[in-house]
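Read the structure below first, then the notes.
Quick note on labels: first sequence line is chain A, next is B, and so on, each numbered from 1.
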Amino acid sequence: MEAIKIYTTQKREKVSFDPLEPGKVRMYVCGPTVYDRCHIGHARPAVCFDTIRRYLEYAGYIVTFISNITDIDDKIINRANELGIDYAALATRYQDEYERDMSLLGVRSPTIRPKATEHIPEMIALVETLMEKGIAYTTSRGVWFDISKFEGYGKLSGRTTDDDTTEHRVEQDTEKRNKQDFCLWKASKPGEPAWESPWGPGRPGWHIECSAMGGKYCANQLDIHGGGADLTFPHHENEIAQSEAATGQEFARIWMHNGFITIAKEGEDEEKMGKSKGNAFWLHEVFADYPPAALRLWILGTHYRMPLKYAGESLASAASGLDRIYNCLEAVARAVGEKPAGKSGKGGKLSALAEDMDKKFRAAMNDDFNTPQALAVVYDTVGALNTAIKDKAASANISELAAVLTSHLSVLGLPLERPQTGGAEIDKLMELVIKIRETARKEKQYAISDQIRDGLNTLGITLEDRPGGTTWTMR
RNA sequence: GGCGACGUAGCCAAGUGGUAAGGCAAGGGUUUGCAAAAUCCUCAUCCAGCGGUUCGAAUCCGCUCGUCGCCUCCA
């Protein structure tokens with residue numbers, strides 16, 4: 001198998017992928033903090049890393065894909081207090097919403113989805129190790145990591161410890177030994193959620209869960225660790241420090257970071273997508289206007305590391321492209337259905353094309369998961385299939401090429417059929433309407449037949465007259 | 001102030017030394033009762049600007065301009 005090249009943040013270049021265990025991949029992707037609904041920003045890492053996982057499996061690897069849920073955190077506590085509900089109830093509610101939205105986007109569930117609150121003992125154990133090694137220390141506010149005790153601090157993000165000496169916008173904690181020391185275990189105030197620990201009641205620090213859970217499920221070493229570009233520093237830098245200081249082993253061999261989605265508001269410059277800036281685009285709102293698959297296709301249309309600008313009509317062209325794919329798949333089904341079996345024309349032009357398309361698809365994905373290029377292959381295959389159908393190629397050959405297309409669509413996590421919108425009653429109704437229109441057409445009553453078609457169109461139903469009869473689709 | 005990313009057609013977007021993929025939109029032909037879908041053709045002598053390296057650069061180097069991100073919660 002041809003080597004997969006992956007860009008890794010710590011080296012700022014592509015490296016050949018060579019997993020710790022041959023044929024197996026251990027990957028961990030930072031999941032959401034469940035304190036609110038999902039916006040389009042959440043969709044990008046989920047879709048990108050889901051696609052990467054799917055491709056690795058397509059390439060023959062057995063993938064252990066871990067993605068956590070942060071269900072204890074200051075934001076969750078604050079939000080729960082605002083709403084006057086229990087923090088755990090809030091977290092459960094938004095975890096459910098997250099999982100529902102991701103499922104609509106075709107994001108598969110991870111192999112393991114660990115929750116922070118279910119791994120408190122593992123985190124405490126990790127902090128204890130760091131205490132024993134003299135790398136962590138306590139203050140009145142909790143337990144802190146002493147970055148001066150970890151030589152490699154800054155190796156991921158390229159930041160040195162004395163970097164931002166000029167300006168720091170955070171109030172300094174005078175008990176800390178170094179300005180950038182970070183919290184491993186946070187002492188809880190009365191009334192706040194708390195777990196017992198050797199350092200008194202408290203809750204996990206900001207970064208410790210990923211080290212503890214990634215370590216637990218992956219024997220302390222990951223092949224790939226992923227997340228949004230904003231997590232590079234300090235989150236991932238701190239994960240490395242904690243994990244490697246504790247285990248003495250390299251925590252993750254490849255660090256992957258997806259670029260951000262920015263929002264272009266009319267008349268204003270683009271700015272980063274974020275709830276704090278009040279320009280959130282909630283997924284449930286986007287899904288009211290466009291099919292979730294269109295959002296997925298739109299995301300995959302840009303390389304995962306590039307910035308992605310979201311404007312109001314961004315998804316319209318993706319939705320059109322998606323329709324083109326559905327049209328093709330439906331045409332294939334009709335062509336193969338009309339002329340079943342047929343003699344297998346293996347070795348023909350279409351066989352060679354099928355092989356070629358798969359080769360190109362793999363080459364694109366092997367190059368740091370270049371989904372835009374992979375999509376170009378998909379569209380080329382669509383065009384070739386449409387032409388083959390037009391030229392009445394043998395259905396065995398059409399099927400062969402179509403099989404390549406559907407396997408590529410599956411790798412990209414795109415649906416293999418148009419979502420069904422009707423239902424049994426609408427089906428019957430449409431059958432009747434089409435029959436009546438058919439009669440009108442036979443009698444050349446085109447004014448009537450066109451009126452039916454135009455009328456349905458304004459209702460979002462498209463009629464298409466084909467040699468084999470009239471078909472309809474609903475938007 | 002430190003670190004980093006981006007600037008390719010009307011729009012989106014690949015392409016990291018050998019002469020500009022793909023999608024959307026648009027225009028024209030075929031097909032259709034008319035449409036839709038499909039198909040064929042057209043649509044960047046040029047890749048923010050200016051210099052440099054090279055036989056050769058969108059691709060490498062330098063500078064300039066513009067946009068954005070991280071350094072504080074953030075996917």
What integer distance in Å separates [X]:[atom1] from [N]:[atom2]?
| X | N | atom1 | atom2 | result |
| --- | --- | --- | --- | --- |
| Gln180(A) | C3(B) | CD | P | 14 Å |
| Glu82(A) | C73(B) | CD | C1' | 14 Å |
| Ile261(A) | C74(B) | CD1 | P | 17 Å |
| Arg305(A) | A14(B) | CZ | P | 10 Å |
| Tyr304(A) | A75(B) | OH | C1' | 15 Å |
| Ile452(A) | A35(B) | CD1 | P | 19 Å |
| Lys360(A) | G15(B) | NZ | P | 16 Å |
| Asn370(A) | G15(B) | CG | P | 5 Å |

Between Asp146(A) and Arg177(A), does the salt bridge (Lys or Arg N to Asp or Glu O under 4.0 Å) criterion hold? Intermediate values first, please. CA-CA 7 Å; Asp146(A) 184 344; Arg177(A) 291 181 189 168; 3.2 Å; yes

For [N], the Watson-Crick or wobble partner whose two distances fall under 3.5 Å:
| N | answer |
| --- | --- |
| U30(B) | A38(B) |
| C43(B) | none |
| U16(B) | none |
| C65(B) | G7(B) |
| A57(B) | none |

Expressed as a whole number of Å, how far does the [atom1] atom of [N] sit from that of [M]?
| N | M | atom1 | answer |
| --- | --- | --- | --- |
| G4(B) | A14(B) | C1' | 22 Å |
| A9(B) | G27(B) | C1' | 15 Å |
| U72(B) | U67(B) | P | 24 Å |
| C11(B) | G18(B) | C1' | 30 Å |
| G22(B) | G17(B) | C1' | 23 Å |
| C50(B) | A58(B) | C1' | 16 Å |
| C68(B) | U31(B) | C1' | 48 Å |
| G62(B) | C24(B) | C1' | 38 Å |

Hey, would you say the His236(A) and His207(A) ring centroids sit under 6.0 Å apart? no

Is the Tyr310(A)-Phe281(A) ring centre distance short of 6.0 angstrom? yes

Does [X] reach a base, just sugar-phosphate, or nothing at all? Heavy atoms under 4.0 Å.
| X | result |
| --- | --- |
| Ile389(A) | nothing |
| Ser157(A) | sugar-phosphate |
| Asp454(A) | nothing |
| Arg437(A) | base |
| Phe233(A) | sugar-phosphate |

Is a donor from one side chain sitting under 3.5 angstrom from an acceptor on the other, for [X] and [Y]?
| X | Y | value |
| --- | --- | --- |
| Asp358(A) | His408(A) | yes |
| Glu209(A) | Thr70(A) | yes |
| Glu239(A) | Ser211(A) | no |
| His303(A) | Tyr7(A) | no |
| Asp368(A) | Tyr304(A) | yes |

Considering only side-chain heavy atoms of [X], which listed nucleotide, [options], is closest?
| X | options | result |
| --- | --- | --- |
| Asn327(A) | A37(B), G33(B), C12(B) | A37(B) |
| Lys309(A) | C12(B), A75(B), C34(B) | C12(B) |
| Arg12(A) | U72(B), G4(B), A13(B) | G4(B) |
| Met306(A) | U39(B), G33(B), C6(B) | C6(B) |
| Glu464(A) | A21(B), A75(B), A37(B) | A37(B) |
| Lys75(A) | C71(B), C74(B), G23(B) | C74(B) |
| Ser320(A) | A75(B), G33(B), C24(B) | C24(B) |
| Ala376(A) | A75(B), A21(B), A38(B) | A21(B) |

Please verify the inter-ring angle class for His225(A) with Trp255(A); under 30° counts as parallel, over 60° as perpendicular, anything in between as tilted. parallel

Examine the base of [N] for any acceptor or donor lying under 3.5 Å from a partner atom in the side chain of [X], and report the outcome as yes or no.
| X | N | answer |
| --- | --- | --- |
| Asp450(A) | G33(B) | yes |
| Arg453(A) | A35(B) | yes |
| Arg324(A) | G23(B) | no |

Can Tyr379(A) be said to stack with the base of G23(B), given centres closer than 5.5 angstrom and planes under 30 degrees apart? no

By nearest heavy atom, map Asp367(A) and Gly259(A) onto RNA chain B; which one lands nearer the 5' end? Asp367(A)

Between Trp298(A) and Asp73(A), name the one whose nearest nucleotide on RNA chain B is closer to the 5' end. Trp298(A)

Is there a side-chain polar atom (N or O) of Asn386(A) under 4.0 Å from OP1 or OP2 of A37(B)? no

